[in-house]
Amino acid sequence: AQRVTQPEKLLSVFKGAPVELKCNYSYSGSPELFWYVQYSRQRLQLLLRHISRESIKGFTADLNKGETSFHLKKPFAQEEDSAMYYCALSGTGGFKTIFGAGTRLFVKA
Amino acid sequence: NAGVTQTPKFQVLKTGQSMTLQCAQDMNHNSMYWYRQDPGMGLRLIYYSASEGTTDKGEVPNGYNVSRLNKREFSLRLESAAPSQTSVYFCASSEALQGRYGYTFGSGTRLTVV
């Protein structure tokens, strides 16, 4: 079954520390992975897509098909990174995007 | 440049009351979606519309109905609200069903059913 797992509900780091938000997926086809961010009481926004291999706000994510993972990383966390982060999986053939349960990142001063 | 607009932003209903959540997008997207967001459960798909004139059930459709009024508008109706429908509702749109380029979300509707 298709599934997106974010094992950490809450991740707390100090400002300037590296951060990694984990995402694992299960999908039999060729996946397309995304990270979305939701700042306090705001709408979800697309942060990055694996197909574009981009870096947004210092965040990067690499698709590892062998480990079926798409972890989100940033070398130096900032207080403004505090938010809810959702990993999402899309596929082919009319497959709708499914979302993980989310990880709340809290960056402490 | 509004993107996806949802109304209302907040609503309190009594059990058994009905209401319609409105959603409109101005990006000429073909596909539209309704999600609910609950703590610890992430986003769950209620209904979706792959293109104008079509609608389909998602993961949690019970207690809801939808209408794709035209390409721009996709409404969600609660016929008889229940406390279990207390949630934050998000409308989203994408160019195509696969959402290859990601989804654009509305600002959400915080619904409380008492």
Side-chain angles (χ1 to χ4, degrees), chain A residues 1-10 21-25 27 29-54 56 59 61 63 70 72 83-104, chain B residues 1-7 9-10 23-25 27 29-51 54-61 66 74 87-110:
Chain A
Q2 294 85 1
R3 187 170 59 248
V4 175
T5 303
Q6 293 180 250
E8 303 133 331
K9 289 186 177 180
L10 174 66
L21 289 84
K22 292 184 168 52
C23 173
N24 291 91
Y25 68 91
Y27 181 60
S30 182
E32 298 189 11
L33 279 298
F34 306 82
W35 277 98
Y36 287 82
V37 61
Q38 185 180 28
Y39 300 102
S40 180
R41 296 199 173 250
Q42 293 187 25
R43 69 185 71 197
L44 281 88
Q45 306 170 38
L46 179 64
L47 182 61
L48 54 80
R49 306 173 286 155
H50 93 270
I51 58 173
S52 57
R53 304 185 70 80
E54 57 203 341
I56 304 294
F59 285 98
L63 176 60
F70 188 57
L72 184 67
M84 193 75 172
Y85 291 81
Y86 290 96
C87 182
L89 164 71
S90 184
T92 57
F95 180 78
K96 281 77 66 184
T97 298
I98 59 174
F99 290 80
T103 297
R104 181 167 297 282
Chain B
N1 196 9
V4 177
T5 303
Q6 283 183 241
T7 56
K9 292 190 184 302
F10 302 93
C23 176
Q25 52 93 7
M27 295 170 291
H29 283 170
N30 288 307
S31 302
M32 298 185 73
Y33 315 82
W34 277 105
Y35 284 88
R36 58 178 290 172
Q37 182 185 41
D38 301 290
M41 304 190 76
L43 289 149
R44 292 182 293 169
L45 183 63
I46 304 171
Y47 270 93
Y48 67 98
S49 172
S51 60
T54 69
T55 60
D56 282 289
K57 295 178 181 179
E59 182 185 354
V60 288
V66 291
F74 187 41
S87 187
V88 181
Y89 292 85
F90 286 99
C91 177
S93 70
S94 63
E95 289 187 16
L97 186 60
Q98 293 170 215
R100 183 181 182 90
Y101 299 99
Y103 287 6
T104 301
F105 281 88
S107 57
T109 297
R110 189 172 294 271

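All chains are named by letter (A, B, ...) in the order of the sequence lines, taking the proteins before the strands, and each is independently numbered beginning at 1.
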**Q** Determine the sole option in A/Y36, A/F59, A/F99 for which the ring pair (Phe, Tyr, Trp, His ring centres under 6.0 Å) test with A/Y85 is passed.
**A** A/F59
**Q** Considering only heavy atoms, which portion of B/E59 lies under 4.5 Å from any heavy atom of chain A: side chain, backbone, both, or neither?
**A** neither
**Q** Heavy-atom distances under 4.5 Å only: say whether B/R110 touches chain A with side chain, backbone, both or neither.
**A** side chain
**Q** Do B/D38 and B/S87 pair up side chain to side chain, a donor and an acceptor below 3.5 Å, judged on atom types alone?
**A** yes
**Q** Examine whether an atom of A/I51 lies under 4.5 Å from a heavy atom of chain B, and if so say whether it belongs to the side chain, the backbone or both; otherwise answer neither.
**A** side chain
**Q** Would you say A/T103's side chain and A/L10's backbone share a donor-acceptor pair under 3.5 angstrom?
**A** no
**Q** Go through the atoms of B/L45 and report whether side chain, backbone, both or neither lie under 4.5 Å from a heavy atom of chain A.
**A** side chain
**Q** So what's closer than 4.5 Å to chain B heavy atoms on A/Q45: side chain, backbone, both or neither?
**A** neither
**Q** Using a cut-off of under 4.5 Å on heavy-atom pairs, state which of A/R43, A/R49, A/M84 scores highest against chain B.
**A** A/R43
**Q** Before you tell me yes or no, could you show the steps for B/Y48 and B/S31 under side chain to side chain contact (heavy atoms under 4.5 Å, CB included), namely the whole-Å CA-CA distance, both residues' side-chain angles and the distance that decides it to 0.1 Å?
**A** CA-CA 7 Å; B/Y48 67 98; B/S31 302; over 6 Å; no
**Q** Do you know which two heavy atoms are closest between A/G100 and A/Y86, and how far apart they sit?
**A** O-CD2, 3.4 Å
**Q** What part of B/Y103 gets closer than 4.5 Å to chain A, counting heavy atoms only: side chain, backbone, both or neither?
**A** both
**Q** Does any backbone or side-chain atom of A/R41 lie under 4.5 Å from a heavy atom of chain B? Answer side chain, backbone, both or neither.
**A** side chain
**Q** Side-chain contact, heavy-atom cut-off 4.5 Å: B/Q6 with B/F90?
**A** yes
